[in-house]
Student: 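Submitted below is the structure of interest, expressed as structure tokens.
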Amino acid sequence: MTKEKLLLLDGNSLAYRAFFALPLLTNDSGIHTNAVYGFTTMLQRILEEEQPSKILVAFDAGKTTFRHETFTEYKGGRQKTPPELSEQFPYLRKLIDAYGIKQYELELYEADDIIGTLAKEASSQDIDVIIVSGDRDLTQLATEQVTVYITKKGITEIEKNTPAYIEEKYGLTPSQIIDMKGLMGDASDNIPGVPGVGEKTAVKLLKEHGSVESLYKAMDTLKASKMKEKLVANEEQAIMSKKLATIFTDAPIEVALTDLAYNGPNEEELINVWRELGFKSLLEKSDFSVQEEEQAPFDYEIVQEVKQEHLKDVMAVHLELADEHYHTCQQLGIALTDGAKPIYVPFDIVAKSDVLRLWLEDATKIKYMSDSKAAQAALRRAGIRLAGVDFDLLLASYINNPGLSGDDVATLAKELGYRDVQANETVYGKGAKRAIPTIDTLAEHASRKAFAVWSVQPKLETLLKENEQFDLYKNLELPLASILGEMESEGITVNRATLEKMGQELNDKLVIIEQEIYKEAGEAFNINSPKQLGVILFDKLGLPVIKKTKTGYSTAADVLEKLKSEHTIIEHILLYRQLGKLQSTYIEGLLKEIHNDDGKVHTRFQQALTATGRLSSTDPNLQNIPIRLEEGRKIRQAFVPSKEGWILFSADYSQIELRVLAHMSEDKNLVEAFREGMDVHTRTAMDVFHVSADEVDSNMRRAAKAVNFGIVYGISDYGLSQNLDITRKEAATFIEKYFASFPGVKQYMDDIVQDAKFNGYVTTILNRRRYLPDITSSNFNIRSFAERTAMNTPIQGSAADIIKKAMIDMDARLKKENMQAKLLLQVHDELIFEAPKEEIALLEKIVPEVMEHAIELTVPLKVDFNHGATWYEAK
DNA sequence: GCAGTCACG
DNA sequence: ACGTACGTGACTGCG
């Protein structure tokens, strides 16, 4: 039998170390997890390397210990444990239990004493001992049989303290560590020691005299010195300090070594704890996770012909797709259930089944789904017009908590405690291994998803109703999904030839600039590599370093702008970057997305992604097509109507976020500005600079505009100073003056942060929520970020609410007016339509009308609009 | 897969 | 003292 090995962990110390070493991670429910995570990774590593046969985690029991009898100030003056750490201890305990590891604490004793006592006992039985702690004091316990591991650099490195190692490092024996502490004290434990004696002096004295006691016995032989005076004056304190630093090895512990046997984790429990904590990387890495994903047997039926009796008035429906690109990917099949045994219909059968098609298109047949927009778009490709969607798990989950990540049914259902469904990744594999499985696997997977949707629907709807968010979900997001699906499927025509011609011209320019840059640099290099560019600019050409990144020199545009006067290469690099971006992202990238069959691009609007309630757009992203610089703006010339004789029509809200702010803050000045139809930036400049309207010059207006942006983003003097390239002080003065002119805004900002601290979340006009667990963080940076988010989210989110409502109203209005015009895109505060020329006049009437009255605010909403033969011209 | 950069509102 | 403007997505280089 191999020799026994006992592992003793100092729970408190390791948790502290991990907490301060790692950034403040949170899991999906907003619990901080960094200490538990750090502890876990360290434990995993030690388990693997050391393979101990016995383990114990010792904790400190409470505030008072027997050491306080000796010295009441022991550990006095310590900062209280940050709440972000305290909240992690219950999870740490749970985790240790799941590992099947004994944990122990003892009234009046510290973890050190428990560890010391057990280490001594184990040594006497010839058991090897490993102690792990972040506290150097423990090294006093090192012997030939006991090695003390001290974590370094937070928790990533471990220093293995054997007696030999300690001898080499200090020239002392382990037991002399206690004497050293007695002399030098320990600020963190509030152990006084001898004032004026540090590590160096203590070590020197101990090398000579051996121990504190022998030192004082030999005191008469010491030469008179300041040091000697201090030692003599503090003899009692030195003796007491040594006593305090001594780990007690005869604590009255009630655990026996035989209780500590380690037989590996309870895998199921451990996985549950890891899941709860959101330790995804550990779950993926662990070899038992796959096995644990195994599910209870599940009954389903693959049908080759859909019959009327298969279809009910209310069913959960899941369309299984081969990947997330639902405009192009293969449709695999449909699973349906009403709570009874699900049926799975392979898609080739779906496509041929009139019975199923009619049922799917029947708006009176109620469907519960997840990501109905994807299904709608993918079914439309097969000529099926999905209708009657009454529940969408993806959207409902998103409204319930937009902070959660994941769109997989497995992830969403798990959040509601339903686990009987597998992750797509488990079924399909990932990366190069990804493949479509057998029909049986697919059928079971899709059936489990349909069943999951069916199962969680009541619970989720109840949750939404409790939070008064059901209306937002049911009457805004759900109908919007179908409108977005239509917009995506319709797509927008992009003229390939236009882009190709621009690409050719860009290429010619890029080649010339590239050569110019190489000449100026004196060598060829990869301009697209910030690393190589940094070497050229800052090492070779010796330009001044203004900003650094984590990995080296910053070469970002704002930095290069400041270097423009230093070297002609700078403006060439800026131009190269600008044109290169156009070429790679907007010419080549967009060309790749044009569908061959219809000459259109079909973006996917992510409706359940942003933290604020905005949409996002992918493959391609049509919400960031260039406009600010003319060269880029020309890209918009490639976006054209789908039919001859049609135009593109664009309408955008003017200053919607500031109007929302005026509405929510009820600031008299801001409200008045909008009611009077003033230019809000000019008005801000007048108030901040105390001038009349005609005295506002372009610089003042520019500064005022930046302040207004800052207000919307959650103002900070630093941020504003960066943006305007002024000092922080000047920025602070601007902000002060702004708040003096708009006191209601100041009040609102203060109130919203207070609200967020009280409730843990902020809300928008339509009661969209965003949780902000970091708002009570003790870390200044993290808390400040959350505070700015608290200020920004109601503004950005309410603006998102308004345009979403406008889209729904617009859709209804176009139908009511029997128009051919189609909504194609949404770009946060802007809607883009295509329509026959004959409808221009009517659009110019109804689009602003509908958008301006989507939601009534205390200030008017204003919409500007334009039309043209291309998106470029619709400006 | 992450960091840096840059396009948009 | 602390050191960031809010919200996104795509591309490139690099380990």
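Chain identifiers are assigned alphabetically (A, B, ...) following the order of the sequence lines, protein sequences preceding nucleic acid strands; residue numbering begins at 1 within each chain.
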Student: Between A:Thr793 and C:dG7, is there a contact of a side-chain N or O with OP1 or OP2 at under 4.0 Å?
Tutor: no
Student: Which whole-number value in Å describes the distance from A:Glu657 CD to C:dA5 P?
Tutor: 17 Å
Student: Do we see a donor-acceptor contact under 3.5 Å between the side chains of A:Ser616 and A:Gln623?
Tutor: no
Student: If you measure from the P atom in B:dC6 to the same atom in C:dG3, how many Å do you get, rounded?
Tutor: 24 Å
Student: Please determine if A:Lys875 forms a cation-pi arrangement with A:Tyr872, meaning its NZ or CZ atom is less than 6.0 Å from the six-membered ring centre and no more than 45° off the ring axis.
Tutor: yes
Student: Is A:Ser617 close enough to B:dC8 that one of its side-chain N or O atoms is under 4.0 Å from OP1 or OP2 there?
Tutor: no
Student: Establish, with yes or no, whether the OP1 or OP2 oxygen of C:dG9 is under 4.0 angstrom from a side-chain nitrogen or oxygen of A:Ser616.
Tutor: yes
Student: Identify which one of A:Lys373, A:Arg604, A:His602 satisfies the side chain to side chain donor-acceptor pair (under 3.5 Å) criterion when paired with A:Glu488.
Tutor: A:Lys373
Student: Do any side-chain nitrogens or oxygens of A:Ser784 fall under 4.0 Å of OP1 or OP2 in C:dC2?
Tutor: no
Student: Counting only distance, no hydrogens or angles, is the base of C:dT8 paired donor-acceptor with the side chain of A:Arg614 under 3.5 Å?
Tutor: no
Student: On a plain distance test, is the side chain of A:Arg770 in donor-acceptor contact with the base of C:dG7 below 3.5 Å?
Tutor: no
Student: Taking atom P in both C:dT4 and B:dT5, what distance in whole Å separates the two?
Tutor: 14 Å
Student: What's the closest nucleotide to the A:Val827 side chain, out of B:dA7, B:dG9, C:dT4?
Tutor: B:dG9
Student: Would you classify A:Ala611 as touching base, sugar-phosphate or nothing, given that sugar-phosphate means primed atoms plus P, OP1 and OP2, and contacts are heavy atoms under 4.0 Å?
Tutor: sugar-phosphate
Student: At under 4.0 Å between heavy atoms, what does A:Gly710 touch on the DNA or RNA strands: base, sugar-phosphate, or nothing?
Tutor: base
Student: Ignoring hydrogens and angles, state whether a donor on the side chain of A:Tyr553 or A:Asp539 is under 3.5 Å from an acceptor on the partner side chain.
Tutor: yes
Student: In residues 529-538 of chain A, which ones come under 4.0 Å of DNA chain C, going by heavy atoms?
Tutor: A:Ser529, A:Lys531, A:Gln532
Student: With a non-hydrogen cut-off below 4.0 angstrom, is A:Ala800 in contact with a base, only sugar-phosphate, or nothing?
Tutor: nothing
Student: Using OP1 and OP2 only, check whether a side-chain N or O of A:Arg577 sits under 4.0 Å from B:dC6.
Tutor: yes
Student: For a side chain to side chain donor-acceptor pair (under 3.5 Å) with A:Tyr518, tell me which candidate from A:Gln515, A:Glu516, A:Glu514 qualifies.
Tutor: A:Glu514
Student: Do A:Thr612 and A:Gln796 pass the side-chain hydrogen bond (donor to acceptor under 3.5 Å, both in side chains) test, and can you show the C-alpha distance, the side-chain angles, and the key distance before you say yes or no?
Tutor: CA-CA 7 Å; A:Thr612 55; A:Gln796 192 184 116; 2.8 Å; yes
Student: Once you apply a heavy-atom cut-off of 4.0 Å, does A:Ile795 come out as touching a base, just sugar-phosphate, or nothing?
Tutor: nothing
Student: Mind checking if A:Tyr718 touches a base, just sugar-phosphate, or nothing, with heavy atoms under 4.0 Å?
Tutor: base
Student: For A:Asn621, report the nucleic acid contact type (base, sugar-phosphate, nothing); a contact means any heavy atom under 4.0 Å.
Tutor: sugar-phosphate
Student: Please report the distance, rounded to the nearest Å, between OH in A:Tyr576 and P in B:dG4.
Tutor: 20 Å
Student: Quick one: does A:Thr610 reach the base of C:dT8 with a side-chain donor-acceptor pair under 3.5 Å?
Tutor: no
Student: Where the side chain of A:Gln578 is concerned, which of C:dG7, B:dC6, B:dA7 is the nearest nucleotide?
Tutor: B:dA7
Student: Considering only C:dG9, C:dC2, C:dC6, which nucleotide approaches the side chain of A:Tyr713 most closely?
Tutor: C:dC6
Student: Of all the choices, B:dC6, C:dG3, C:dG7, which nucleotide is nearest to the side chain of A:Asn781 once you look at every atom?
Tutor: C:dG3
Student: Quickly work out the A:Tyr586 OH to C:dA10 P distance and round it to whole Å.
Tutor: 10 Å
Student: The side chain of A:Leu720 is closest to which nucleotide in this list: C:dG9, C:dA5, C:dC6?
Tutor: C:dA5
Student: Can you tell me the distance, in whole Å, between the CG atom of A:Leu609 and the P atom of C:dC6?
Tutor: 17 Å
Student: Taking CZ from A:Arg728 and C1' from C:dA5, how many angstroms apart are they, rounded to a whole number?
Tutor: 14 Å
Student: Provide, to the nearest angstrom, the distance between the CD atom belonging to A:Gln607 and the P atom belonging to C:dG9.
Tutor: 14 Å
Student: Have a look at A:Asn723 and say if it touches a base, only the backbone sugar-phosphate, or nothing, with a 4.0 Å heavy-atom cut-off.
Tutor: base
Student: Of the nucleotides C:dG9, B:dG4, C:dA5, which one has an atom closest to the side chain of A:Lys550?
Tutor: B:dG4
Student: For the C1' atoms, the ones on B:dC2 and on C:dA5, what distance do you get once it is rounded to whole angstrom?
Tutor: 23 Å
Student: When the ring centroid of A:Phe734 is compared with that of A:Tyr738, is the distance short of 6.0 Å?
Tutor: no
Student: For A:Ser721 and A:Thr727, which I'm curious about, is there any donor-acceptor pair between the side chains at under 3.5 Å?
Tutor: no
Student: Should the pair A:Arg701-A:Asp679 be classified as a salt bridge under the 4.0 Å nitrogen-to-oxygen rule?
Tutor: yes
Student: Of all the nucleotides listed (B:dA7, C:dA10, B:dA3), which has the minimum atom distance to the side chain of A:Thr618?
Tutor: C:dA10
Student: Go nucleotide by nucleotide along DNA chain C from the 5' end; which of A:Gln623 and A:Asn528 gets its closest nucleotide reached first?
Tutor: A:Gln623
Student: Does A:Thr549 make a side-chain N or O approach to OP1 or OP2 of B:dG4 shorter than 4.0 Å?
Tutor: yes
Student: Side-chain N or O of A:Asn526 less than 4.0 angstrom from OP1 or OP2 on C:dG13?
Tutor: yes
Student: Whether the side chain of A:Arg628 and the base of B:dG9 hold a donor-acceptor pair under 3.5 Å is what I'd like checked.
Tutor: yes
Student: Could you tell me how far apart A:Leu658 (CG) and C:dC6 (P) are, to the nearest whole angstrom?
Tutor: 17 Å
Student: Provide the Watson-Crick or G-U wobble partner of C:dA1, both distances under 3.5 Å; none if there is no partner.
Tutor: none
Student: Separation of A:Ile782 atom CD1 from C:dG3 atom C1', in whole Å?
Tutor: 13 Å
Student: Which listed nucleotide (C:dA5, B:dG9, C:dC11) is nearest to the side chain of A:Ile627?
Tutor: B:dG9
Student: Going by modelled atom types, is there a donor-acceptor pair between the base of C:dC6 and the side chain of A:Gln796 at under 3.5 Å?
Tutor: yes
Student: Looking at every strand, decide which applies to A:Asp619 at a 4.0 Å heavy-atom threshold: base, sugar-phosphate, or nothing.
Tutor: sugar-phosphate
Student: Tell me what A:Thr555 touches on the nucleic acid: a base, only sugar-phosphate, or nothing, going by heavy atoms under 4.0 Å.
Tutor: sugar-phosphate
Student: At under 4.0 Å between heavy atoms, what does A:Ala706 touch on the DNA or RNA strands: base, sugar-phosphate, or nothing?
Tutor: base
Student: Looking across every strand, which nucleic acid part, if any, lies under 4.0 Å from A:Thr612 by heavy atom: base, sugar-phosphate, or nothing?
Tutor: sugar-phosphate
Student: Using a distance-only test with no angle check, is there a side-chain donor-acceptor pair under 3.5 angstrom linking A:Arg770 and A:Thr793?
Tutor: yes
Student: Between A:Phe780 and A:Asn792, which is nearer to the 5' end of DNA chain C once each is assigned its nearest nucleotide?
Tutor: A:Phe780
Student: Salt bridge or not between A:Asp750 and A:Lys746? Use side-chain N to carboxylate O under 4.0 Å.
Tutor: yes
Student: Got a salt bridge between A:Arg636 and A:Glu873, using NZ or NE/NH1/NH2 to carboxylate O under 4.0 Å?
Tutor: no
